[in-house]
Undergrad: 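Let me give you the structure first, and then I'll get to my questions.
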Amino acid sequence: MKVHLPDGTALDLPAKATGADAAQAIGAGLARAALAVRVNGERRLRDLSAPLMDGDRLEIVTSRSPDVDGVSPLELIRHDAAHVLATAVTELYPGVKVSIGPPIDEGFYYDFDFPEGVRISDADFEAIEARMREHVKAAEPFERSDVSVAEALERFRSEDQDYKVELIEDLVRDEGVETVSLYRNGPFTDLCRGPHAPTTKSVRAFKLQSVAGAYWRGRSDRPMLTRVYGTAFLSREDLEAHLERLEQARARDHRKLGRELGLFMFSDLTPGAPLWQPPGTAVYNELTALWREENEARGYREVRTPILYDVELWKRSGHWEKYKDNMYFTNVEEREMGLKPMNCPAHVQLYKADRRSYRDLPIRMSEAGLVHRHEASGVLHGLLRVRAFTQDDAHIFCTEGQIEEEVLGCLDFGFFLYDLFGFTPRLELSTRPEQRIGDDAMWDRAEGALEGALRRREIQYELNEGDGAFYGPKIDLHMTDSLGRSWQLGTVQLDYSMPERFELEYTGADNSEHRPVMIHRALLGSFERFIGILTEHYAGEFPLWLAPVQVAVLPVADRHVGYAGRLSQEMRAAGVRRVEVDERSESVGRKIRDAELRKVPYMLVVGDEEEASGRVAVRRHRVGDLGAMEAGEFAARVAGEARERSAV
RNA sequence: GCCGGAGUAGCUCAGCGGUAGAGCAACGCUCUUGUAAAGCGUGGGUCGGGGGUUCGACUCCCCCCUCCGGCUCCA
């Protein structure tokens, strides 16, 4: 038979030849390097041992093969690694039940159910890794066998592998399968659809990383399994490089930098609520100032509303029914009050304070609004998941015809803000969920308006079907943190429900009453979460305009402190607001070192020469000595840089 | 909330049944300094909180709190 190779040539092979045979026919080196085959351009790879058919188009996949539709040799060997992990664990912990072990973006995991009383921690990794290495070294083949469902069930039942039994039963029920494939490597056999590399020696570079709990099938009403995370690469060097990257990422963790730079802290007495220290407050205030300025420029009117309301309000808004478990309540003099988890009902009160005409619309109301949400204790995470935070919130009350224009305005505003930081957010459009209010015609219009806005700007987005709020569809803006975890920042949501519940009205041109539509909009999301992401993005090296201390004046000796003080006054007068003088009787080297560690953008070294000539010796963070400059010139230049909010 | 791990000086960490340690920071003195750590000295801890076991607990056991990694959740 003939199979066709990517370069257009045909290869003559005996009948029933396999991918391995084909690789061997091409060359011994290729045969050694081959991991799997891609047949006829299929997305899913096949085992090297799978028989080929006459006329197949064949690609031999090696560690150097490129990704195709997200399927890569890396993914293959990570899956191999998961099997090797399970092999070692089943040997070391008799009675353990195995479940699933897939490759993931950065590695792989395997979920185990350990026998009663057995628990493992990363202290056990060394022993497990050692056992894994033995299997890798033995280059045990991955042998596939296709067996009947009955045989597979019999096998796993006899081994008390309940999870495998459940998986097979579900395969029969959901997909009507009659056979399943098993893969054996050494002493371990797993239910698996494959493919795998020819032998375990493909797993040459791996490392176990962490152990964590994970619900069976991701459902909190099912048993909690023990998940072991690891990573694997095609080479030792790649693995080392990856571990090195992780190390560096940890160094830019906002929680670490927040402590080191004195940005914010947490107290055990109010978990999940950041306390902002002076340097962090400086960043916070600059960000707020930017936000306020831009809101004004875009036709928003800022408001301020209380954080505590009678539960009556929350019942009316629907929060009581849907979210009371996540709200904080207090009862004083027999009046039940709730802390706001959202600002919208408050803004609705302001809307209702006046009769509204179609001429007033759209009304754009903005507020840096402090909200409290009782997040589950296990999910709190630095500034990225908190219980008390300030949203850069706004609500737009408009007519249905104005929706697309207003949504577009929100998105443009968002992109303006994100551009300022060099961020490229990932956009998600979430559409009607199963449980929702409003008729389909309403949803058609609402989703159409959001989609239309995205299309008009030719914006890339992911569709998240069924993930909208119960009252309307939404567009979310996501960013990832230093460890690659994705966080939602901004959101633009359409809401037909709140106006209904609060009976909002405006008088139309026809002199009759109409119901406005509300757009909920937060662009940064919350100042807390955004500063968390910003801190990691800049690795704590904030650009001048955001920097907690913009300029540190470093007198060479005590006698220069007076000159340094005069300089700082001058700079403040010129518009550089955050200037500090290091008045300690320390060496210049020490003062420089400390300012560098605090990541202060500019340092001014001033001694006899500078004082005599009215100049400053400028040093830039991480760049070094820039030479001397006339003091006034420096102040003007830096003030300009701060005013322009330039990126560097 | 669930599973696992961890909480020792302001920070980073060592110690682990027999009266609590280091480096940095802080404070004092000396030095008056030129582009990433001057020298000497001093003070500082209910060893997260509460119970228990023990002659004796930072150390062992139980409960709680907080943090870390995941899972679930995330208006």
Side-chain angles (χ1 to χ4, degrees), chain A residues 109 111 113-114 119-124 209-229 250 253 255-256 259-260 262 265-272 314 317-319 321-327 340-345 371 373-382 384-387 391 467-471 474 476 483 485 487-488 491 493 495 497-498 520 522 529 554-561 584-597 603-610 617-628:
Chain A
Y109 66 79
D111 284 349
D113 189 358
F114 285 94
R119 55 177 67 136
I120 66 162
S121 73
D122 48 12
D124 302 304
Q209 295 177 296
S210 60
V211 48
Y215 294 110
W216 168 234
R217 303 208 134 172
R219 285 173 43 181
S220 54
D221 56 345
R222 302 300 308 270
M224 174 69 71
L225 306 177
T226 302
R227 175 171 297 178
V228 177
Y229 281 96
R250 268 190 281 276
D253 188 311
R255 292 165 300 183
K256 179 176 152 75
R259 189 168 45 243
E260 288 171 358
M265 56 167 279
F266 288 91
S267 162
D268 285 0
L269 299 174
T270 174
W314 306 116
S317 70
H319 288 95
E321 199 199 342
K322 279 209 80 130
Y323 306 115
K324 64 171 178 294
D325 289 345
N326 294 309
M327 287 178 64
K340 66 178 174 185
M342 293 181 76
N343 302 299
C344 31
V371 298
R373 301 178 183 181
H374 187 272
E375 303 287 354
S377 58
V379 306
L380 300 178
H381 185 94
L384 300 182
R385 191 78 179 265
V386 289
R387 285 178 175 158
Q391 293 182 302
D467 216 31
F470 69 95
Y471 49 73
K474 58 176 185 166
D476 294 328
L483 294 175
R485 294 175 287 212
W487 298 90
Q488 183 191 310
T491 185
Q493 309 185 346
D495 183 1
S497 162
M498 204 71 70
H520 304 245
R529 184 175 277 186
L554 313 178
V556 169
D558 289 349
R559 63 179 177 280
H560 307 118
V561 168
R584 296 174 303 167
S585 298
E586 288 287 355
S587 65
V588 172
R590 177 54 175 273
K591 291 175 186 173
I592 286 171
R593 177 181 158 81
D594 288 347
E596 287 283 353
L597 290 175
M603 287 148 275
L604 303 181
V605 177
V606 294
D608 291 334
E609 295 166 35
E610 288 76 17
V618 182
R619 180 187 168 99
R620 176 89 216 195
H621 172 62
R622 276 168 66 108
V623 175
D625 197 347
L626 300 182

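Please read all numbers here as calculations on a predicted model, not as lab measurements. Within every chain, numbering begins at 1; the chains are lettered A, B, ... in the order of the sequence lines, protein sequences first and strands thereafter.
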Undergrad: Would you mind classifying the nucleic acid contact of A/G607 as base, sugar-phosphate or nothing, using non-hydrogen atoms under 4.0 angstrom?
TA: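 Answer is base: heavy atoms of A/G607 come under 4.0 Å of a base.
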Undergrad: Where the side chain of A/D558 is concerned, which of B/C2, B/U32, B/G34 is the nearest nucleotide?
TA: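 Out of B/C2, B/U32, B/G34, the nucleotide with an atom closest to A/D558's side chain is B/U32.
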Undergrad: Within the distance-only criterion (no hydrogens, no angle test), does the side chain of A/K591 pair as donor or acceptor with the backbone N or O of A/M603 below 3.5 angstrom?
TA: no
Undergrad: Should the side chain of A/Q209 and the base of B/G70 be counted as holding a donor-acceptor pair, with the cut-off at 3.5 Å?
TA: no
Undergrad: Could you tell me whether A/H381 contacts a base, only the sugar-phosphate backbone, or nothing, with contacts defined as non-hydrogen atoms closer than 4.0 Å?
TA: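 Sugar-phosphate only.
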Undergrad: Hey, does the side chain of A/R255 come within less than 4.0 Å of B/G69's phosphate (OP1/OP2), counting only N and O?
TA: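 It does, given that an N or O in the side chain of A/R255 lies less than 4.0 Å from OP1 or OP2 of B/G69.
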Undergrad: Suppose we call a contact any N or O donor and acceptor under 3.5 Å apart; does that hold for the side chain of A/R622 and the base of B/A36?
TA: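 Under the 3.5 Å cut-off, the side chain and the base do not form any donor-acceptor pair.
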Undergrad: Write down the protein N/O and nucleotide N/O pairs, taken from nucleotides 73-75 of chain B, whose separation is under 3.5 Å; answer none if there are no such pairs.
TA:
from, atom 1, to, atom 2, distance (Å)
B/C73, O2, A/R385, NH2, 2.8
B/C73, N3, A/R385, NH1, 3.3
B/C74, O2, A/R385, NH1, 3.0
B/C74, O2, A/R385, NH2, 3.4
B/A75, O4', A/Y323, OH, 3.3
B/A75, O3', A/Q493, NE2, 3.4

Undergrad: Relative to the 5' end of RNA chain B, which residue comes earlier, A/F266 or A/L225, by the nucleotide with the nearest heavy atom?
TA: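 By nearest-heavy-atom nucleotide position, the 5'-most residue is A/L225.
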Undergrad: State whether A/R559 places a side-chain N or O below 4.0 Å from either non-bridging phosphate oxygen (OP1 or OP2) of B/U33.
TA: yes
Undergrad: Taking only side-chain N and O atoms of A/R593, does any of them lie within less than 4.0 angstrom of OP1 or OP2 on B/C24?
TA: no
Undergrad: Would you say B/A38 has OP1 or OP2 under 4.0 Å from some side-chain N or O of A/S587?
TA: yes
Undergrad: For RNA chain B, write out the stems as range with range, using runs of 3 or more consecutive Watson-Crick or G-U pairs with both distances under 3.5 Å.
TA: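 If one scans RNA chain B for consecutive Watson-Crick or G-U pairs, the stems found are B:1-7 with B:65-71, B:10-13 with B:21-24, B:26-30 with B:38-42, B:48-52 with B:60-64.
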Undergrad: Taking OP1 and OP2 of B/G4, is either one under 4.0 Å from a side-chain nitrogen or oxygen of A/R119?
TA: yes
Undergrad: Please answer whether the main-chain N or O of A/G607 pairs with a side-chain N or O of A/E610 as donor and acceptor at a distance below 3.5 Å.
TA: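 Yes, A/E610 side chain to A/G607 backbone: donor-acceptor pair under 3.5 Å.
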Undergrad: Is the closest basic N to carboxylate O distance between A/D608 and A/R559 below 4.0 Å?
TA: yes
Undergrad: Would one find more than 12 heavy atoms of other residues, nucleotides or ligands at under 6.0 Å from atom CZ of A/R622?
TA: no
Undergrad: OP1 or OP2 of B/G34 versus the side-chain N and O atoms of A/H560: is any pair under 4.0 Å?
TA: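 Checking A/H560 against B/G34: no side-chain N or O falls below 4.0 Å of OP1 or OP2.
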Undergrad: Could you tell me whether A/A617 contacts a base, only the sugar-phosphate backbone, or nothing, with contacts defined as non-hydrogen atoms closer than 4.0 Å?
TA: base
Undergrad: Looking only at atom P, what distance separates B/U42 and B/C24, rounded to whole Å?
TA: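 Here B/U42 and B/C24 have their P atoms 14 Å from each other.
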Undergrad: Compare the minimum distances between each of B/A37, B/U66, B/G4 and the side chain of A/R590, then state the nucleotide with the smallest one.
TA: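 Among B/A37, B/U66, B/G4, the one nearest the side chain of A/R590 is B/A37.
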Undergrad: What's the closest nucleotide to the side chain of A/Y215 if the choices are B/C2, B/G34, B/U35?
TA: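 Of B/C2, B/G34, B/U35, B/C2 is nearest to the side chain of A/Y215.
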Undergrad: Would you say B/G70 has OP1 or OP2 under 4.0 Å from some side-chain N or O of A/R485?
TA: yes
Undergrad: Which whole number of Å gives the distance between the P atom of B/U66 and that of B/C29?
TA: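 Taking atom P in both B/U66 and B/C29, they lie 44 Å apart.
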Undergrad: Ignoring hydrogens and angles, tell me if any N or O in the side chain of A/R373 forms a donor-acceptor pair with the backbone of A/R387 under 3.5 Å.
TA: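 The answer is no, because no donor-acceptor pair under 3.5 Å joins these two groups.
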Undergrad: Which parts of nucleotides 41-51 of chain B does protein reach within less than 4.0 Å, heavy atoms only, written one letter per nucleotide 5' to 3' as B for base, S for sugar-phosphate only and - for none?
TA: -----------
Undergrad: Using a heavy-atom cut-off of 4.0 Å across all strands, would you classify A/V588 as base, sugar-phosphate, or nothing?
TA: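 It contacts sugar-phosphate atoms only.
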Undergrad: With a non-hydrogen cut-off below 4.0 angstrom, is A/R619 in contact with a base, only sugar-phosphate, or nothing?
TA: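 Counting heavy atoms under 4.0 Å across all strands, the contact made by A/R619 includes a base.
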